[in-house]
Amino acid sequence: MARAITITSGKGGVGKTTTTANLGTALAMRGARVAVIDADIGLRNLDVVMGLENRIVYDIVDVVEGRCRLRQALIKDKRLPELCLLPAAQTRDKDAVSPDQMIDLLAQLRSDFDFVLIDSPAGIEGGFRNAIAGADEVVIVTTPEVSAVRDADRIVGLVEAAEKGTPRLIVNRIKPRLVSRGEMLSVEDVLELLAIDLLGIVPDDETIVTSTNRGEAAVYDQTSLAGRAFLNIGRRLNGETVPFLDLTDQPGVLDRFLGMFGRRRS
Amino acid sequence: MSFFREFFGGRRERSAETAKKRLMMVLVDDRYKLTPELIEQMKVELAEVLSRYLPHVDADQIEVSLLHEDDNDRLHAQIPLKRGQQGDV
Ligand SMILES: Nc1ncnc2c1ncn2[C@@H]1O[C@H](COP(=O)(O)OP(=O)(O)OP(=O)(O)O)[C@@H](O)[C@H]1O
Ligand SMILES: [Mg+2]
């Protein structure tokens with residue numbers, strides 16, 4: 001029986017889709033059967049982040065409107081046969097799927113998978129409500145910025161009101177250098193403000209850009225610190241205890257050299 | 001003021017500290033949605049209840065504020081008490 005986990009945020013653009021793609025891949029790499037659902041209807045994105053855009057025939061709206069069976073709409077990942085994507089419709093509006101239809105859909109998926117990850121749209125309206133409707137657990141992604149944290153707090157309240165338990169938090173795009181200079185909220189700050197449990201910390205990392213360009217998850221890239229962070233989060237979702245990455249800023253030789261002249265690389 | 005302090009070598013607060021303080025205020029506001037009218041009403045009712053136990057609790061003297069401290073939100077109320085004359089309860 002699959003656990004259905006919704007990845008949501010409040011503020012847009014904080015990394016939900018990136019997180020869903022990487023966690024789905026991370027879990028499948030460890031042998032789990034995983035379905036990822038793009039619930040951002042009208043703004044289909046998860047397919048391109050996973051590099052599967054050319055394989056789409058049917059989408060989630062085709063399934064709920066009976067034009068195809070669920071199995072026909074599920075797209076197999078290029079590398080991992082146990083990873084499947086249910087794409088969003090690109091041309092329909094957000095309420096083309098109802099919360100009840102979403103719950104039905106998850107009921108069908110549960111028996112064939114170990115994890116179902118749902119990529120939620122930003123905001124607190126219909127699309128978000130659909131995305132959490134059938135969830136067993138909710139994960140909130142935020143960046144360490146005032147507006148993102150504020151919106152995350154709003155979502156914590158809504159998730160609790162919807163009786164989905166207390167969501168867990170991923171702090172994305174941490175810049176250790178800025179944090180150590182006191183110019184970016186630290187993970188501890190964010191946790192103290194939101195008062196929920198931490199699931200993971202993901203650094204701001206250029207390899208996210210390059211891997212997204214290629215349509216390959218960053219977890220495949222051995223050199224990617226963000227990829228490692230996502231692998232760790234996948235293991236935590238699996239119930240393992242994994243220490244958080246140490247992202248404290250350790251200035252390199254060049255920095256210390258520049259430091260002698262009172263300059264710092266940013 | 002702060003301009004001069006900065007200009008004459010005083011240090012400006014780190015922006016993360018500022019962000020955290022701002023968020024502390026914003027989040028308690030967002031979470032409890034206490035309008036000024038509701039706060040006034042709460043003071044009147046607080047005074048009403050407390051007057052059953054204590055002499056001379058005056059709604060106008062009560063100050064309440066919402067704070068976020070160490071992972072917890074709290075309602076902080078300052079309620080000045082006047083000493084009652086004996087027998088005057
Ligand atoms: N850790 C990271 N380091 C660098 N760039 C990142 C990181 N996480 C996300 N990004 C970039 O931020 C942008 C937004 O990410 P993403 O699309 O995953 O956000 P989202 O929350 O799904 O957005 P939306 O609300 O529009 O659905 C993308 O360009 C992505 O590559
Ligand atoms: Mg997205």
Side-chain angles (χ1 to χ4, degrees), chain A residues 9-11 14 123-124 128 140 142-162 166-169 171-198 201 203-204 247-249 262 264 266, chain B residues 1-50 59 62-80:
Chain A
S9 71
K11 185 169 157 56
V14 297
I124 55 173
F128 158 74
I140 296 183
T142 188
T143 54
E145 292 163 311
V146 176
S147 56
V149 173
R150 180 190 197 174
D151 293 352
D153 192 68
R154 205 52 213 287
I155 296 292
V156 174
L158 293 174
V159 169
E160 283 176 346
T166 304
R168 286 189 286 176
L169 185 71
V171 184
N172 187 24
R173 308 200 72 162
I174 277 278
K175 297 185 180 180
R177 210 173 281 261
L178 274 186
V179 173
S180 68
R181 293 211 308 256
E183 304 294 358
M184 178 178 259
L185 287 168
S186 67
V187 174
E188 293 72 31
D189 291 336
V190 176
L191 286 177
E192 189 191 322
L193 288 159
L194 294 178
I196 60 176
D197 285 340
L198 182 65
I201 308 166
D204 191 75
L247 295 174
T248 48
D249 184 30
R264 294 215 57 176
S266 62
Chain B
M1 253 294 272
S2 72
F3 169 78
F4 284 108
R5 242 194 326 194
E6 226 180 290
F7 193 80
F8 293 111
R11 284 210 75 214
R12 200 172 177 194
E13 182 178 68
R14 307 268 179 100
S15 70
E17 194 56 34
T18 314
K20 192 175 175 187
K21 286 183 187 160
R22 292 173 63 213
L23 267 165
M24 283 179 173
M25 309 275 290
V26 169
L27 293 191
V28 282
D29 273 0
D30 285 357
R31 283 174 189 165
Y32 304 103
K33 300 181 186 73
L34 276 178
T35 61
E37 294 76 45
L38 282 171
I39 290 182
E40 284 318 303
Q41 189 183 330
M42 180 161 65
K43 288 180 187 172
V44 170
E45 291 182 26
L46 270 175
E48 228 170 82
V49 172
L50 292 171
I62 297 179
E63 279 174 32
V64 296
S65 42
L66 285 168
L67 305 171
H68 181 94
E69 289 171 347
D70 319 321
D71 266 14
N72 279 313
D73 298 336
R74 17 178 139 242
L75 178 75
H76 201 269
Q78 294 258 24
I79 305 166

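Note on naming: letters A, B, ... go to the chains in the order of the sequence lines (proteins, then strands), and numbering restarts at 1 for each one. Keep in mind that what you see is a predicted model, and the values were worked out from it rather than measured.
- Within the 4.5 Å cutoff, the side chain of R31(B) has no heavy atoms near those of the R154(A) side chain.
- Every side chain to side chain contact (heavy atoms under 4.5 Å, CB included) that E183(A) has, sequence neighbours left out, goes to L178(A), R181(A), R14(B), S15(B).
- A heavy-atom distance below 4.5 Å is found between the side chains of L23(B) and L185(A).
- Summarising the local packing, CD of E160(A) is surrounded by more than 12 heavy atoms from other residues, nucleotides or ligands at distances under 6.0 Å.
- The environment of R22(B) atom CZ is sparse: at most 12 non-hydrogen atoms of other residues, nucleotides or ligands sit within 6.0 angstrom.
- Among D189(A), V149(A), V190(A), V146(A), the one residue that satisfies the side chain to side chain contact (heavy atoms under 4.5 Å, CB included) test with K20(B) is D189(A).
- Taking 4.5 Å as the limit, some side-chain heavy atom of M24(B) sits within range of a side-chain heavy atom of E192(A).
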